[in-house]
Amino acid sequence: MNFPVKMDNGDIKVFTGYRVQHNLSRGPAKGGIRYSPHTDLDEVRALAMWMTWKCATVDIPFGGAKGGVACDPNALSMAELERLTRRYSTDISLLIGPETDIPAPDMGTNPQVMAWIMDTYSMHRGHTFPAVVTGKPVPIGGSEGRQDATGRGVVILARELAKRINLDLQNATVIIQGFGNVGSMTARIIHETGAKIVAICDRYGGVWNPKGLDIPSLLPLSNHDGALMESHMGDSISPTDILELEADILIPAAMESQITIENAPRINSKIIVEGANGPVTPDADIILNQRGILLAPDILANAGGVIVSYFEWVQDLQSLFWSEQEVNNRMESMLMKAWHQILEVAEKEKTDFRTAAYMVGVKRVADATILRGIYP
Ligand code: NAD
């Protein structure tokens, strides 16, 4: 859709937005909304497809969707961001709904944006629909534990992969690319385990200290692009060089296509946990595999977020809310169940974890399609 937004200076600007539903055979569509200058139909379609496989891999009853608006949220005032969000929500309101398609935050959006979407949808319908989006602020129907769920899941997978090479997470060194929602929450939680984060960056650059960074002091700089670079709390490092530093665990948590055929031969970590969606290109994936680098694929490693989004939707529909401990425990047990299923398939089929995860996810979608049959 193309839609006009009144800017603060009185100008009218036309923005392009998208919502794509990829597959609905296992339940209503589920997937985030991204605000980024690079967003286009192909990107949203690919992300919608990943959501189908992700929801199926961790066995939650949703299909896949994704949305986005081509814009730079950092260049918009709060008032402009709100007007853009309300107009975009209105344009997609024929598609979304608690029983049809449930958006959530992704790159460039946050709980406040979800609150505006929920309010806009509810104003059109005449009463409050908390379950129309997830990742909302807790006081209006958000779930405890949602904000850090994706990062928490990433750390669980880092721990499980580390075990496979007899590495205790608390003795591991870690690199994180990205310091937004996923990167910062991963940093906080993995630091709490005792692991040493040696480098972290946002889109402008970051800091590096082989002795370990002081993460609690850096956390207030998350979601403020450029602030890490100016913190002088370590040596400067660029967003691309950071990927090639030496560490036990590398966590790309920024955006897609960061590890490519070009830099894959120089990756200096034993384990990669994909916090972002699609950070490794398919040809780079082959090289990493040949080099024996263990990799937890995005559709499993960052699924903690959508699992807790599912819990948020369930809590909203029942108007009955769980404690943070309950949310975290249930998330870990769902993620671990999926991990064990993937391990079993990987061992049986003698394949890598990404292929095994797809085998589990695609089979569930295929089974649902066959069971439902062809209408009429
Ligand atoms: P965000 O907008 O909160 O943060 C993105 C971070 O990446 C920022 O620090 C930004 O500066 C940095 N960045 C952007 N481009 C970069 C580049 N070229 N090099 C280095 N850093 C760069 O986004 P987010 O919600 O944390 O999402 C990050 C990734 O995780 C995306 O791929 C998203 O699809 C995926 N993801 C997010 C969630 C979630 O719950 N938010 C869940 C699953 C997957």
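Counting starts at 1 for both ligands and their atoms, following the listed order.
- Under a 4.0 Å N-O distance rule, the pair Lys13/Glu80 does not qualify as a salt bridge.
- Electrostatic pairing of Arg164 and Glu347 counts as a salt bridge here, judged by a charged N lying under 4.0 Å from a carboxylate O.
- Taking the six-membered ring where the residue is Trp, Trp313 and Phe62 present perpendicular rings, their angle passing 60° and hence far from 30°.
- Electrostatic pairing of Asp241 and Arg266 does not count as a salt bridge here, judged by no charged N lying under 4.0 Å from a carboxylate O.
- Between Arg45 and Asp42, at least one side-chain nitrogen of the basic residue sits less than 4.0 Å from a carboxylate oxygen of the acidic one, meeting the salt-bridge criterion.
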Inventory of protein N or O atoms under 3.5 Å from ligand 1 N or O:
| residue | atom | partner | partner atom | Å |
| --- | --- | --- | --- | --- |
| ligand 1 | 2 (O) | Gly108 | N | 3.0 |
| ligand 1 | 3 (O) | Asn181 | N | 2.9 |
| ligand 1 | 9 (O) | Phe179 | N | 2.9 |
| ligand 1 | 9 (O) | Gly180 | N | 3.2 |
| ligand 1 | 11 (O) | Arg203 | N | 2.9 |
| ligand 1 | 11 (O) | Asp225 | OD1 | 2.9 |
| ligand 1 | 11 (O) | Asp225 | OD2 | 3.2 |
| ligand 1 | 21 (N) | Arg203 | N | 3.4 |
| ligand 1 | 26 (O) | Asn181 | N | 3.2 |
| ligand 1 | 26 (O) | Val182 | N | 2.9 |
| ligand 1 | 32 (O) | Asn277 | N | 3.1 |
| ligand 1 | 34 (O) | Arg34 | NH2 | 3.0 |
| ligand 1 | 34 (O) | Asp106 | OD1 | 2.7 |
| ligand 1 | 34 (O) | Asp106 | OD2 | 3.4 |
| ligand 1 | 34 (O) | Asn277 | ND2 | 2.8 |
| ligand 1 | 40 (O) | Arg146 | NH2 | 3.4 |
| ligand 1 | 40 (O) | Thr150 | OG1 | 2.8 |

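- A salt bridge links Glu256 to Arg34: one of the charged nitrogens lies within less than 4.0 Å of a carboxylate oxygen.
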